[in-house]
Number of protein chains: 2
Amino acid sequence: MARTETAAGSKSQQSYEAVKARIVDGTYSPGYRLVLAKIAEDLGVSVVPVREAIRRLEAEGLVTFERNVGATVAGIDPTEYLYTMQTLSIVEGAATALSSPLMGPSDIARARSVNNEMRACLEHFDPVRFTRLNQDFHSVLFENCPNPHILDLVHRGWNRLASLRSSTFRFVPGRARESVEEHDDLLRLIESGADADTIERAARLHRSATLDAYLAQSGARPSEETP
Amino acid sequence: MARTETAAGSKSQQSYEAVKARIVDGTYSPGYRLVLAKIAEDLGVSVVPVREAIRRLEAEGLVTFERNVGATVAGIDPTEYLYTMQTLSIVEGAATALSSPLMGPSDIARARSVNNEMRACLEHFDPVRFTRLNQDFHSVLFENCPNPHILDLVHRGWNRLASLRSSTFRFVPGRARESVEEHDDLLRLIESGADADTIERAARLHRSATLDAYLAQSGARPSEETP
DNA sequence: GAGTACGAAATCGTATACGAACCCTAGGGG
DNA sequence: CCCCTAGGGTTCGTATACGATTTCGTACTC
């Protein structure tokens, strides 16, 4: 008897994944009000597992929850954005540094290939694809990180950014070109067996530069659009 | 009207804090089986809020949870310990570096005073007090960190270590003396307005040294080495 | 005596129900 | 005209109940 339900896991788990997916892929954008009863009905479960799922998402920072008021998809307060990027730069830098000694030639080749695709995207101006490839590139860099805690923190940061992407993943052409060059620099560093500190610093600076570019472009004004 | 009930919070919040406190203070030691119904009865609430509390603690790494089996206080697998310490060294290093420019003379004085108390503890051999003072010292160093995400990660790491303390917070006299000296070094660095990178590295190395001392003493052989 | 099959007890997972807190609108008084 | 208050509706928070799953003890077979 193929009980796929067992593999899929509990309804709480299903709910968690379903809501998370909707947040990350943008179905529920920041500010969206998450009503327990409504989600429960949509998913065909009761409110108890949904509530649990929402609280887990809250712990990951994807959702804000207020007692007796309810949950909303976490927003894009510029300060919060700064904090998220700063945290990500730290944990991703560490993850990349820890991962780099474990990267084989095939990993480096794959990263380089992705980066070349990104360069191509610059020619045809394909920001959507560029963004996805950028994530792929960084994934290759840090996925070998042997410390699962750090890896988890990196993934949370990326999910958080993805949930905000409509407003914050704006394509900054000048920065994109720089970014691709820095990727090559990073790969060369790793290939040459640079020490962990150097790689960590380079990876961190790479992200900080992206943050700076974003701040410079958006000015003090964060893009909060609610059509 | 004073609305203090928000802080006291829901029963879910109460349960969370109660169970967390028992884990951190050692009432529930690693491996302890957390039976929902029993905890619910102890706290005078029903199982629903307790379940939610347990899942939150799971997200923080204090509890392991297995579907249809139950929850236990997270254990002390040496590999896991290495990961936790490594992660803590990274986030605490960053927190200290971000915090240091915001530390005033009074903060430094307080840290120094705590460190002197620690030195005194070395004379009378008071490991329990030494451990608590050590936490106080580091708290002063990173509590000014303006990034709440990083601060939260640091607190989680400390809680996790506290929950394991019976086995892992072993007092290593030689290391303790070194530790106190390093604390003074750190304070001097901060006082002299050293740049963030320097402070971060020093703070991180300080923790790494503690980890190394623990590994050397316990003879645990983790699956990988940190350079 | 060892291994297996079965059954009872314990515990988890979720649905349902109901009370409590909050928000929003309407109406009266200053 | 504005502020304050009252009421209803919506949504959350938790208790209770019951089905589902695992675990463990016991008896039976080889």
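Predicted, not measured: the structure shown is a model, and the values here were computed from it.
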> Below 4.0 angstrom, N of the basic side chain to O of the carboxylate: do R204(B) and E200(A) qualify?
Replying inline: yes

> If you find the nucleotide of DNA chain C closest to S46(A) and the one closest to R33(B), which residue's nucleotide is nearer the 5' end?
Replying inline: R33(B)

>> Regarding R55(B), tell me which of base, sugar-phosphate or nothing describes its non-hydrogen contacts under 4.0 Å with the strands shown.
In response: nothing

> Where the side chain of P49(B) is concerned, which of dG13(D), dA15(C), dA15(D) is the nearest nucleotide?
Replying inline: dA15(D)

> Under 4.0 angstrom, heavy atoms only, what part of the nucleic acid is I54(A) near: base, sugar-phosphate, or nothing?
Replying inline: nothing

>> Heavy atoms only, 4.0 Å cut-off, all strands: where does V48(A) land among base, sugar-phosphate and nothing?
In response: base

> Where the side chain of V69(A) is concerned, which of dG13(D), dC22(C), dT14(C) is the nearest nucleotide?
Replying inline: dC22(C)

> What's the CZ-P distance between R67(B) and dG13(C), to the nearest Å?
Replying inline: 7 Å

> So which nucleotide from dC12(C), dC22(C), dA15(C) ends up closest to the side chain of N68(A)?
Replying inline: dC22(C)

> Under the 3.5 angstrom rule, does the side chain of N147(A) hit a backbone N or O of Y83(B) as a donor-acceptor pair?
Replying inline: yes

>> Which nucleotide wins on minimum distance to the side chain of V35(A), given the candidates dC12(D), dA15(C), dT11(C)?
In response: dC12(D)

> Does any non-hydrogen side-chain atom of L211(A) lie less than 4.5 Å from one of R207(A)?
Replying inline: no

> Taking atom P of dC12(C) as reference, at what distance in whole Å does atom CG of L34(B) sit?
Replying inline: 9 Å

> Between E66(B) (CD) and dT21(D) (C1'), how many Å, whole number?
Replying inline: 12 Å

> With distance as the sole test, does S113(B) use its side chain to make a donor-acceptor pair with the main-chain N or O of A109(B) at under 3.5 Å?
Replying inline: no

